[in-house]
Q: 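I have a structure here, written as structure tokens, and I will follow up with some questions on it.
Values reported hereafter were calculated over all heavy atoms of this structure, with side chains retained and with hydrogens, waters and symmetry mates removed. Letters A, B, ... are given to chains in the order of the sequence lines, protein chains preceding strands, and every chain is numbered from 1. Model, not experiment: these values are computed from the prediction.
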Amino acid sequence: MSPLAGHKADFPVLARTFDDKPLIYLDSANTSQKPQMVIDAMAEYYERSNANVHRGSYKLAHEATEALEGARAKVARFINAPAVHEVIFAKNVTELLNLLAQTWGRANLGKGDAVVLTEMEHHANIVPWHMLAAERGIELRWIPITPDGQLDLREIDRLLDGAKLLSFTAMSNVLGTITPVAELSALAHAAGATVIVDASQHVPHLPTDVQAMGADFVAFTGHKMLGPMGIGALWGRTELLEAMPPFLGGGEMILNVTKEGFTTTELPWKFEAGTPAVDAAVGLGAAVDYLSAVGMEAIREHEVSLTGYAMRTLTERHGDDITIHGPSEPASRGGVFSFTYKGVHPHDIAQVLDEQNICVRAGHHCAKPLMKVLGENATTRASLYLYNDESDIDALADTLSAADMFAL
Amino acid sequence: MSPLAGHKADFPVLARTFDDKPLIYLDSANTSQKPQMVIDAMAEYYERSNANVHRGSYKLAHEATEALEGARAKVARFINAPAVHEVIFAKNVTELLNLLAQTWGRANLGKGDAVVLTEMEHHANIVPWHMLAAERGIELRWIPITPDGQLDLREIDRLLDGAKLLSFTAMSNVLGTITPVAELSALAHAAGATVIVDASQHVPHLPTDVQAMGADFVAFTGHKMLGPMGIGALWGRTELLEAMPPFLGGGEMILNVTKEGFTTTELPWKFEAGTPAVDAAVGLGAAVDYLSAVGMEAIREHEVSLTGYAMRTLTERHGDDITIHGPSEPASRGGVFSFTYKGVHPHDIAQVLDEQNICVRAGHHCAKPLMKVLGENATTRASLYLYNDESDIDALADTLSAADMFAL
Amino acid sequence: MGLEDLYREIIIDHYRSPRNRGELGEPATRTEGFNPLCGDEVVVFLDIDEGGVVTDVKIGGQGCSISMASASMMSAAVKGKTIDEVQQLTSSFKSMMSIHEREIGGDGSESEADSIVDAEFPMGDLEAMRGVVKFPVRIKCATLGWNTLLQGIDEHPAVS
Amino acid sequence: MGLEDLYREIIIDHYRSPRNRGELGEPATRTEGFNPLCGDEVVVFLDIDEGGVVTDVKIGGQGCSISMASASMMSAAVKGKTIDEVQQLTSSFKSMMSIHEREIGGDGSESEADSIVDAEFPMGDLEAMRGVVKFPVRIKCATLGWNTLLQGIDEHPAVS
Ligand SMILES: Cc1ncc(COP(=O)(O)O)c(C=O)c1O
Ligand SMILES: Cc1ncc(COP(=O)(O)O)c(C=O)c1O
């Protein structure tokens with residue numbers, strides 16, 4: 001039995017039944033479920049300490065401010081950030097990648113400048129650059145992928161040559177591929193490019209050390225790491241953050257405002273205009289506590305083992321009828337399986353699985369350029385987290401055959 | 001006794017004590033407290049229905065999507081929006097005003113174009129326009145205020161002449177002034193200007209009908225109306241929203257993405273990139289339910305009466321030692337009192353009040369240009385909501401004298 | 001509710017043997033529709049004569065059983081009809097599908113909302129799609145072809 | 001903890017009778033500091049001679065009792081000291097204030113964090129400010145003048 005057995009009970013949604021059958025949640029790459037302690041921490045914030053932050057001059061407001069800044073400190077420790085003020089909160093990683101495009105990007109990229117992405121990016125790390133490209137005339141270059149779903153680095157020197165920025169995912173939300181972040185950061189820096197890492201799928205599942213990653217910015221999103229929706233975090237180097245123009249203007253981010261203009265306040269608040277989601281920060285802090293108590297190494301170990309089990313079971317049971325995209329070696333991937341089965345459309349597969357309360361995602365997973373490269377319109381994706389176990393995989397493997405009615 | 005007596009018990013924070021003394025919360029213009037039903041609705045969402053929205057093909061994901069879209073429909077009804085898809089969610093009103101500046105503004109404002117604001121705007125409705133002004137060379141014009149804290153409309157024709165946009169607050173967060181929204185919208189439209197209303201202080205306290213307001217965009221923020229932090233709503237006219245370029249790029253807001261470019265999806269999702277804060281939307285929906293059950297007319301009546309009581313009590317008790325800014329007539333203002341007392345600095349006043357657990361705000365209230373007009377560096381601000389009663393005002397009036405030690 | 005409500009026999013038949021599958025060359029119009037939620041793509045080729053009659057229609061693209069079957073049934077239903085009739089039929093079909101779609105926005109113009117309520121065009125085989133309403137996530141699949149058709153009509157030179 | 005911990009007699013005295021209140025003309029530098037949270041503004045005028053000694057300092061601006069008293073005590077403490085001594089004193093003062101400030105960020109450069117721990121400059125009257133630590137929202141008030149002073153030193157032509 002896995003050392004993580006028993007954790008399922010901490011997640012109230014997982015006790016949900018439909019038609020007296022249990023829920024089998026295999027969609028954590030989309031959003032994770034929340035342990036009761038995260039839900040309770042948020043409720044407790046509102047029941048005891050709610051007030052606006054940084055502005056109040058009374059005890060309750062101080063408690064709320066401590067709750068927000070305490071959560072920031074927890075997140076900073078969790079990713080080994082060198083300084084707490086280098087951690088910036090926003091509503092999700094999408095906002096943070098847009099922030100980078102609109103502040104660092106606008107300040108540093110002009111006509112003809114090259115930005116390097118990979119073919120396995122999520123739309124959140126593509127569309128902001130398309131928008132900037134349309135505005136500024138920058139060029140987008142794409143690191144291709146190998147048939148095994150790895151980044152194909154054979155042409156990396158040419159791609160990075162003269163590039164101003166490399167922005168890429170630390171783990172594909174479609175293929176599960178774990179990319180060589182430190183290596184790519186070093187190559188990009190050697191070529192004079194700045195480095196952004198979309199760690200949305202990395203931080204929830206693997207120990208993350210932003211210093212070891214060697215990048216300049218690392219962004220991720222709370223709801224995929226047991227935290228609530230409505231919060232994401234960006235780590236960035238002080239020098240770069242200080243040199244960047246502000247993103248959204250308003251309260252909290254100013255030092256002074258007159259009818260003629262304004263000046264910005266210090267980090268991290270310079271990038272946090274308006275009332276922040278203190279409850280969501282508190283929830284993210286609690287999620288980080290939970291993950292740390294279980295241990296990121298243990299979580300990774302559990303997922304590698306379950307990933308191996310899943311790949312073995314699905315292939316043993318369905319042989320050539322199933323194709324699982326992405327790296328074949330569990331140690332070089334996360335617990336995310338995009339597959340095709342007997343040519344059946346993913347939406348129909350998902351429907352027959354849902355009939356047995358098995359939750360998977362069908363579609364392009366916000367990675368349409370990757371779908372095109374894979375030659376698929378859509379895939380079915382099952383994805384794991386610490387609360388999954390072998391029985392969940394067995395249910396998936398068993399139920400898949402019900403999709404045979406759609407085989408053409 | 002007020003017809004609203006008893007509602008205090010619905011708000012768990014208000015039962016909090018420090019040193020066995022009760023909490024007296026007079027900072028609702030900053031953020032409101034939450035009724036238990038709002039807190040519970042959010043917890044229940046995570047305990048029962050959490051999933052990512054719009055993307056999932058299983059029952060749980062459908063429940064989550066219904067929760068989000070159901071909340072949108074509630075908000076639309078609450079403000080009498082003509083169509084649900086005209087309601088756009090973001091993290092707070094600050095983000096929404098920036099959205100308008102960066103989408104409608106960038107598409108419609110160029111060098112030399114004039115934007116009209118008022119001297120009583122919150123920084124959230126100033127800084128985004130300063131940022132655009134710096135980028136585009138637009139001109140900002142300011143509607144001045146009268147000594148009684150009303151908008152001074154004597155020069156309004158001149159100010160609107162040739163202006164492209166009027167953006168103003170429906171109720172001042174410092175003075176409590178309720179502005180003539182419908183009248184100003186009509187004047188602006190007659191002058192050919194588009195109209196944005198910052199209704200952050202209006203929607204929580206007065207019945208709001210966006211159609212009667214006659215503006216083109218109306219934005220407000222959830223945490224001031226009994227809802228959670230991390231959500232705000234914008235209503236806008238379909239034609240304008242459709243003509244606007246997108247704001248943030250990423251998942252949810254696209255129709256198609258290729259390596260070459262992207263196309264946007266339909267309203268309202270076009271403006272909602274990334275995973276939304278479904279829990280916060282659910283909380284806002286519950287807040288709207290709560291407010292509707294109490295009745296916005298009843299809330300307004302309660303606040304007018306309590307505002308009258310507060311102004312009478314404070315002046316009777318402290319005479320010339322106290323100056324309350326803003327309109328003297330309770331019917332033309334909300335329950336927000338910025339005052340100065342014996343020349344004592346607001347921070348010291350707030351400190352002695354906090355000693356008795358009375359929560360007020362001291363500072364510039366994110367309205368520094370207004371502070372300058374008032375000739376103050378800062379004020380002390382007490383603000384009311386449906387859960388306040390006369391005893392809260394009495395405590396404030398009683399305790400104020402403790403600040404006498406700072407009178408110079 | 002069981003899957004048999006969704007996957008009625010006639011739907012599976014249209015899915016397995018799609019009608020009017022293929023392409024049309026000039027002067028036919030070609031219109032692409034996307035379901036942003038699941039990646040389905042439908043392509044509608046449309047020939048309309050000067051009298052406003054849909055003389056030919058072909059369907060391309062890839063999608064799930066519901067989107068493909070719905071587009072196939074649609075192609076069979078609209079061929080030979082006038083634009084007016086097609087528009088009424090579309091309204092009726094959406095009305096059958098779309099209490100939910102209207103509520104959460106849809107394309108949501110008010111006049112359309114009215115016409116949804118009024119229209120009641122005979123549905124024939126299309127009736128088989130009624131079960132989709134019980135599976136709200138699939139409504140977008142069922143209406144994809146129809147929305148693409150409407151767009152194609154709008155863009156057709158014989159119309160504008 | 002009671003208000004008497006915060007509002008020590010000597011603090012109230014500096015608040016009521018601020019030392020070195022006023023302005024200095026050229027060649028003195030003039031530096032403005034804002035507390036974005038409550039609107040306090042402190043202006044520090046600074047004269048530094050060629051030997052790096054603070055020969056004169058004056059304080060302007062408006063603020064609460066804590067920010068004004070702290071700036072007043074600061075002005076008395078730094079006059080006649082060398083820049084080095086002033087920087088050490090500032091570190092000591094911040095160290096007295098700022099366990100909290102460091103944790104939530106502050107200006108947070110790592111070298112500064114070290115120096116905070118090391119520095120232990122004699123505080124004299126400034127000791128009276130120690131009670132502010134128990135009122136974390138007021139720490140920013142207490143340090144406003146000091147941060148403005150540091151900035152003024154940085155900008156002073158005798159230094160750069
Ligand atoms: C009138 C007004 N506008 C805008 C805001 C900003 O709201 P938020 O911080 O939720 O974006 C506030 C409150 O702080 C306000 O009172
Ligand atoms: C790799 C990756 N990047 C970005 C995102 C976008 O996250 P969010 O929707 O929380 O902004 C996701 C998840 O959807 C993801 O998997």
Q: Considering only heavy atoms, which portion of B/F18 lies under 4.5 Å from any heavy atom of chain A: side chain, backbone, both, or neither?
A: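 It is the side chain, since no backbone atom gets that close.
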Q: B/E121 versus chain A, heavy atoms under 4.5 Å apart: side chain, backbone, both or neither?
A: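 Contact with chain A: none, neither part.
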Q: At a heavy-atom separation under 4.5 Å, does B/N50 approach chain A through its side chain, its backbone, both, or neither?
A: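 Both backbone and side chain.
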Q: Chain A heavy atoms under 4.5 Å from B/Y25: which part of the residue, side chain, backbone, both or neither?
A: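 Contact with chain A: side chain only.
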Q: With the side chain counted from C-beta on, respond yes when A/F262 and A/M253 share a heavy-atom pair under 4.5 Å apart, and no when they do not.
A: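 Touching, per the 4.5 Å side-chain cut-off.
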Q: Taking A/K372 first and then A/E119, would you say they form a salt bridge - that is, a charged N and a carboxylate O separated by under 4.0 Å?
A: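 Salt bridge between A/K372 and A/E119, a charged N being under 4.0 Å from a carboxylate O: no.
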Q: Using non-hydrogen atoms and a 4.5 Å limit, figure out which bit of A/I231 sits close to chain B: side chain, backbone, both or neither.
A: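 It is neither, since no heavy atom gets under 4.5 Å.
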Q: Is there a donor-acceptor pair closer than 3.5 Å between any side-chain N or O of B/N98 and the backbone N or O of B/T94?
A: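 Yes; judged by distance alone, with no hydrogens or angles, the pair exists.
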Q: So what's closer than 4.5 Å to chain A heavy atoms on B/P246: side chain, backbone, both or neither?
A: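 Both parts, backbone and side chain.
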Q: I'd like to check A/E44 versus A/D40 (side-chain heavy atoms, cut-off strictly below 4.5 Å). Are they in contact?
A: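 They are not in contact (no side-chain heavy atoms under 4.5 Å apart), so the answer is no.
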Q: Salt bridge check: are A/R48 and A/E63 linked by an N-O gap of less than 4.0 Å?
A: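 So A/R48 does not pair with A/E63 through a salt bridge.
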Q: Using heavy-atom distances under 4.5 Å, tell me whether B/S49 contacts chain A through its side chain, its backbone, both, or neither.
A: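 Its backbone and side chain both get close to chain A.
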Q: For A/L248, which atoms come within 4.5 Å of any heavy atom of chain B: side chain, backbone, both, or neither?
A: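 For A/L248, the contact with chain B is made by backbone and side chain together.
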Q: Below 4.5 Å from any heavy atom of chain A, which atoms of B/N125 appear? Answer side chain, backbone, both or neither.
A: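 For B/N125, neither part sits under 4.5 Å from chain A.
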Q: Check each atom of B/L353 against the heavy atoms of chain A and say whether the ones under 4.5 Å are side chain, backbone, both or neither.
A: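 Contact with chain A involves no heavy atom of B/L353 at all.
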Q: Tell me, for B/R106 versus chain A, whether the close heavy atoms (under 4.5 Å) come from the side chain, the backbone, both or neither.
A: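 Side chain only.
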